[in-house]
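For reference, the structure discussed in these notes is given below.
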Amino acid sequence: MDVETSDAIASASRSGLAIRLLGPLTVIRDGVRLELPASRKSCALLAYLAHVSKPVHRDQLCELLWDVANDPRSELRWCLSKLRRLTDENLRLVTAGETVALETNGSSIDACHVSTTMKAGCTRLDRDQLEALAACFAGDFLEGLEVDRRLPFAAWLTGMRRSYRMMHGEVLKHLAEVSRTTPEDSLPYIERWLELAPCDPRPHVMLFQVLAGAGRLRDGEEHLATTARYFEAESLDWAPLRAAWQSAKAAGRKNPSGTTVTCVHSAGVRSSFFPVETGPVRRASLAVMPFREFSDAAMEEGGLADGLVHDIIARLSKLKNLFVIARGSVFALGQRGVGTQEAARILGADYVASGRVDCRGQQLKVSVEVAESGTGQVIWAETYHRTLDDTFLVLELIGNDIVASIESEVENTETARAFLKPADSSMPGKPIIAASGTCTSSMRAATNRPSISSEEPWSWIPPSPGPMRACPSPISRTPSCCGPPNAREIALAYDSAGASLAADDRSPAAHWAMGRALWLRRDIEGSLSELETAVGLSPNFSLGHYTLGFVRCQAGEPQLAIAATDLSRSLSPFDPLLFGMLAVRALAHLHLGQFDAAAEWAVKAAARPNAHAHIKAIAGYCLSAAGRSQEAQSYFIRLQASNPGYGLEDFLGAFRFSEDAVETFRKLGDPVPG
């Protein structure tokens, strides 16, 4: 698509058809905005089909927007019927066999135009053309169109929004560059770029150069001070920005309009790039080097590999237990051809990640490895083979797994290293046993895949605040046959969680611990708030998502519980706590009255290793509700054999069920074979 079609997008509001995906979803025909269906899923379906611009299999659409248990095929047909009233000769829904497509026949779709233009490169565009392209960004991609936290659609939507924000930033960057003849002209574009990407060092560096060139030194100093506080709050290294400001001031007024805009760190790497720790506990540091890319048609700049690395660095930077070298530093070294191990030495990183992206036609291969910088020993390596049905969704999923795996493997290596130190060692990262019996360390702050052992009873979910004989309490130091936590122990757990938050209120693990403690105190609303904060701080925190689902299930929010536990399983598919994740889903289906589904998930949970008494009781109750009484009795018999005297009150005491749920279990009866 030629860049002149940007004029067609503007004129389509007056003649023909235009679909706007950047900003709120809008369909305009001959200057009139069409009324969209009230159903959010119908709107999401329309937007998805418009963006992919090709036939999509019905099963893929069903998986994207609907849960399997809700007859997705029927709901898809219903949504398609709602969309047909929008169609005409320029906008047609075509259903051929098992595929669905939206034929636009020359209609203007802003996001598709932007994407095509960006792939061709911004450098060939003049200022007027860049202005026209920037005008297409009326807001976030599909602004306001979330669909009941449906995870596959949410993952696609998140990836699209991130991608178009990056494109918007590139357009603003080029606009600022072509406007540098008069420094004041470039400021509006730089400021918009900063609002869009406050953690990207490039707009800050450009702003410093413009302010210094215009003699506005006080403004530059104030911006540096504000940015430094923001970067520190986000655990980002702001020292390179300080160096960039000093360099801009030194240049002064000598060349205010002709200064070349370069990426931060591109001119020399000095000791200021070494991670600086201000606290008493040193975090492990990691450098993610640019991935090599080999493809049939790589983009001129910012290709698949660079985009994937930018995304990985951004996500890892949110983890409070890991110091991640700023992307400007690693990309500058990569551009200079510095090798992986040499870059790690220069940057002072404990670990270095590197990789390769091969894209041949529709086949994508991503290879990644993480090595210790001191020894060169590889601690983790993985190769992903995917088909590029949806580039951004595929990269989103691969990025999720890479971030979760890097976090887990670095944590395991650091923990093993700490335990190998002498008992009186004061090396940073040495685990501490808190008063509540919780095992913590500098590397466990946002763990994704916790290990399970009798020394880590906190890892077992659900805990047992009521009478129990088969699973550990969150306070006890033994893995089985322990009594419930009493009021003193619950108070101790609450106080310990409070102390953790006081030490670091941006630690996902601290908020997770407080969420657990509040749940024990029967403050469900407060518990949910803390757990939401935990996963917000660390989106790949599998244990956090699982616990959130566990509490939501008991709070009467079964659909949200299913979404949370499904996400936790996708983040950690081989998790030792998989039995609990499956059991929570079973309870959620039971709450929804979907008894057959509840029974199937509960049986899967009970078959997992480490499944304790409550999990077996859940299986028995779900089977009983599904009318499979003989199978239910077999579970209850085995439960009594391993836990003599286990009864209904033991089961109910282990949870925080609503009164309606308690009544349901009482009707199902006591788990004692008749």
With no hydrogens and no angle check, is any side-chain donor or acceptor of [X] less than 3.5 Å from a backbone partner on [Y]?
| X | Y | result |
| --- | --- | --- |
| Asp140 | Glu143 | no |
| Ser373 | Ala349 | yes |
| Asp350 | Ser285 | yes |
| Ser115 | Ala111 | no |
| Glu195 | Arg192 | no |
| Asp110 | Leu22 | yes |
| Gln362 | Thr387 | no |
| Ser53 | Leu49 | no |
| Lys365 | Cys359 | no |

Distance, nearest 0.5 Å, that separates [atom1] of [X] from [atom2] of [Y]:
| X | Y | atom1 | atom2 | value |
| --- | --- | --- | --- | --- |
| Arg162 | Asp311 | CZ | CG | 4.0 Å |
| Leu45 | Leu64 | CG | CG | 8.5 Å |
| Glu222 | Thr227 | CD | OG1 | 11.5 Å |
| Ser542 | Leu567 | OG | CG | 7.5 Å |
| Arg20 | Cys136 | CZ | SG | 9.5 Å |
| Phe141 | Leu21 | CZ | CG | 5.0 Å |

Subject >> Stepwise side chain to side chain contact (heavy atoms under 4.5 Å, CB included) test for Tyr351 and Val288 >> reply: CA-CA 9 Å; Tyr351 301 89; Val288 184; over 6 Å; no

Subject >> pair Leu133-Val171: side-chain heavy atoms closer than 4.5 Å >> reply: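 Leu133 reaches Val171 side chain to side chain.
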
Original post:
Can you check whether Val352 reaches Gln341 side chain to side chain, under 4.5 Å on heavy atoms?
Top reply: yes

Subject >> Polar contact flag, side-chain donor to acceptor under 3.5 angstrom, Ser107-Thr104 >> reply: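 No - no donor-acceptor pair under 3.5 Å links their side chains.
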
Original post:
Residues in ring pair (Phe, Tyr, Trp, His ring centres under 6.0 Å) with His204, at least two apart?
Top reply: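 His204: ring pair (Phe, Tyr, Trp, His ring centres under 6.0 Å) contacts with His223, Phe231.
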
Original post:
Checking side chain to side chain contact (heavy atoms under 4.5 Å, CB included) for the pair Leu194/Asp200: CA distance, chi angles, key distance, verdict?
Top reply: CA-CA 8 Å; Leu194 282 169; Asp200 189 334; over 6 Å; no

**OP:** Considering only NZ, NE, NH1 and NH2 on the basic side and carboxylate oxygens on the acidic side, decide whether Lys249 and Glu221 come within less than 4.0 Å.
**Re:**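 Glu221 and Lys249: salt-bridged.
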
Subject >> Short N-O contact, Glu369 and Arg356, less than 4.0 angstrom >> reply: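 No, Glu369 and Arg356 are not salt-bridged.
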
Subject >> Aromatic plane relationship, Trp245 with Phe208 - under 30° parallel, 30 to 60° tilted, over 60° perpendicular >> reply: tilted

